[in-house]
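Written out below as structure tokens is the structure these notes cover.
As the structure is a computational prediction, the values presented were derived from the model and not from experiment.
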Amino acid sequence: MASMATHLITGAGSGIGAAVARRLHARGDELVLHARDAGRAKELGAAYPGAKTLVGDLADPDKLSWAFSHQSLPDRVDSLLHIAGVVDLGRVGELTPKSWRHQLNVNLIAPAELTRHFLPQLRLAQGHVLFVNSGAGLSAGADWSAYAASKHGLKALADSLRHEEHGNGVRVTSVYPGRTASPMQAKVHQQEGRPYDASKWIDPESVATTILTALDLPRDAEVNDLTVRPGR
């Protein structure tokens with residue numbers, strides 16, 4: 001990754017995304033932080049002095065292009081880091097179309113739309129698209145159908161993009177973390193009716209280390225898929 005690289009990050013407000021943003025900001029890279037609304041953008045701007053923000057609701061991907069057309073966009077994008085995500089557990093017989101659409105929109109369709117929008121900048125920089133997927137993107141259990149479907153789809157998106165953009169010098173990586181200590185994991189435990197103990201799960205900083213390793217790998221190599229599991 002070039003010095004003073006520009007990274008566009010979704011999900012920088014908490015968990016893995018916040019850990020990645022802190023590390024990249026600390027080393028002096030340029031950050032463009034996606035936010036769902038102006039209020040969240042203001043919070044992110046205060047947390048990361050010098051960072052730019054980009055506002056658009058991932059839950060409504062049809063309007064992302066319109067939202068971006070009214071904002072100043074980066075001329076160069078060295079990495080596009082898809083880290084934002086939502087989860088809503090439930091059995092197939094109980095999940096509503098609204099729940100399905102929300103998870104598919106945020107976890108799959110919005111990343112596809114963001115990637116489409118910034119591919120010209122990524123090609124110019126011979127940049128990197130990194131998708132933070134999930135163990136559920138490789139195997140689906142009971143109550144995880146909608147979330148897992150969105151993440152299985154995200155794997156397909158990454159795999160196809162990798163084949164399509166290899167000739168343009170764009171690298172594509174999928175990272176599959178196991179359960180990671182984060183607000184999302186606390187919500188999952190609440191939905192499962194189980195007590196939450198963050199110490200039992202992966203520290204977001206550990207996942208951030210794997211992400212930066214993939215980003216910083218020399219150009220003669222590329223990490224395609226990286227699985228991270230709890231070590232305890």
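Between the CD1 atom of Ile9 and the CG atom of Leu24 there is a distance of 5.0 Å, given to the nearest 0.5 Å. Rounding to the nearest 0.5 angstrom, the gap separating the CD atom in Glu113 from the CG atom in Leu58 is 11.0 Å. Interatomic distance, CD1 of Ile211 versus CD of Glu205, reported as 10.5 Å (0.5 Å rounding). For the atom pair OG1 (Thr227) and CG (Leu138), the distance works out to 5.5 Å, reported to the nearest 0.5 Å. Taking CG from Leu124 and CG from Asn168, the interatomic distance works out to 11.0 Å, rounded to the nearest 0.5 Å. Here the straight-line distance linking atom NZ of Lys200 with atom CZ of Arg179 works out to 11.0 Å at 0.5 Å rounding.
Residues Asp37 and Asp57 have side chains not in contact (no heavy-atom distance under 4.5 Å, counting atoms from C-beta outward). Here the side chains of His117 and Leu73 are in contact, with some heavy-atom distance below 4.5 Å. Side chains of Leu114 and Pro111 form no contact here, defined as non-hydrogen atoms less than 4.5 Å apart. You'll find the side chain of Pro177 reaches within 4.5 Å of the side chain of Val132, heavy atoms only. Looking only at side-chain heavy atoms (C-beta outward), Val172 and His128 stay at 4.5 Å or farther from each other. Taking the side chain as every heavy atom from C-beta outward, Lys151 and Tyr176 never approach each other to under 4.5 Å. Taking 4.5 Å as the limit, some side-chain heavy atom of Glu165 sits within range of a side-chain heavy atom of Arg123. Side-chain contact check for Val32 versus Val77: every heavy-atom pair is 4.5 Å or farther apart.
Under the 4.0 Å criterion applied to side-chain N and carboxylate O atoms, Asp159 and Arg162 are assigned as salt-bridge partners. Checked for salt-bridge contact, Arg23 and Asp29 miss the test: no charged N lies under 4.0 Å from a carboxylate O. Taking 4.0 Å as the cut-off between side-chain N and carboxylate O, Arg91 and Glu94 do not count as a salt-bridged pair.
The heavy-atom pair separating Ala35 from Leu44 by the smallest distance is CB-CD1, 4.0 Å. Heavy-atom minimum distance, Val92 versus Ser145: CG2-OG, 3.5 Å. Across all their heavy atoms, Ala51 and Leu33 have their closest contact at CB-CD1, 4.0 Å. Nearest heavy-atom pair, Ser79 versus His7, reported as atom, atom and distance to 0.1 Å: OG-ND1, 2.6 Å. Closest approach of Ala146 and Gln103 over heavy atoms only: CB-NE2, 3.5 Å.
Heavy-atom neighbours of Arg194 CZ from other residues, nucleotides or ligands within 6.0 Å: above the threshold of 12. Counting heavy-atom neighbours within 6.0 Å of Glu192 CD, excluding the residue itself, gives a total above 12. Residue Asp75 qualifies as open at atom CG: its count of foreign heavy atoms under 6.0 Å is 12 or below.
Side-chain atoms of Thr180 come within 3.5 Å of backbone N or O of Gly178 as a donor-acceptor pair. Between the side chain of Ser206 and the main chain of Ile202, no donor-acceptor pair closer than 3.5 Å is present. Between the side chain of Arg40 and the backbone N or O of His34, no donor-acceptor pair lies under 3.5 Å. A donor-acceptor contact shorter than 3.5 Å is absent between the side chain of His25 and the backbone of Glu30.
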Go through it in stages, so that I can follow the logic: the residues are Thr53 and Tyr48, the test is side chain to side chain contact (heavy atoms under 4.5 Å, CB included), and I'd like the CA-CA distance, side-chain angles, deciding distance and then a yes or no. CA-CA 10 Å; Thr53 56; Tyr48 301 96; over 6 Å; no
Run Val20 and Leu81 through side chain to side chain contact (heavy atoms under 4.5 Å, CB included) and show every step you take. CA-CA 9 Å; Val20 171; Leu81 308 179; 3.8 Å; yes
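Partner of Phe131 under the side-chain contact (heavy atoms from CB on, under 4.5 Å) criterion, chosen from Leu108, Leu80, Asn107, Leu161: Leu161.
A continuous path of hydrophobic side-chain contacts links Leu130 to Val207 [ILVMFWY only; heavy atoms under 4.5 Å]. Phe68 and Leu122 end up in the same hydrophobic cluster when Ile, Leu, Val, Met, Phe, Trp and Tyr side chains are linked at under 4.5 Å. If you chain together hydrophobic residues whose side chains sit under 4.5 Å apart, Val106 and Val87 never meet in one group.
In terms of the salt bridge (charged side-chain N to carboxylate O under 4.0 Å, His left out) criterion, Glu164 has no residue partners (sequence neighbours excluded).
Side-chain contact check for Ser174 and Asn133: no donor-acceptor pair (N or O, by modelled atom type) lies under 3.5 Å. Inspection of the His82 and Thr115 side chains reveals an N or O donor paired with an N or O acceptor under 3.5 Å.
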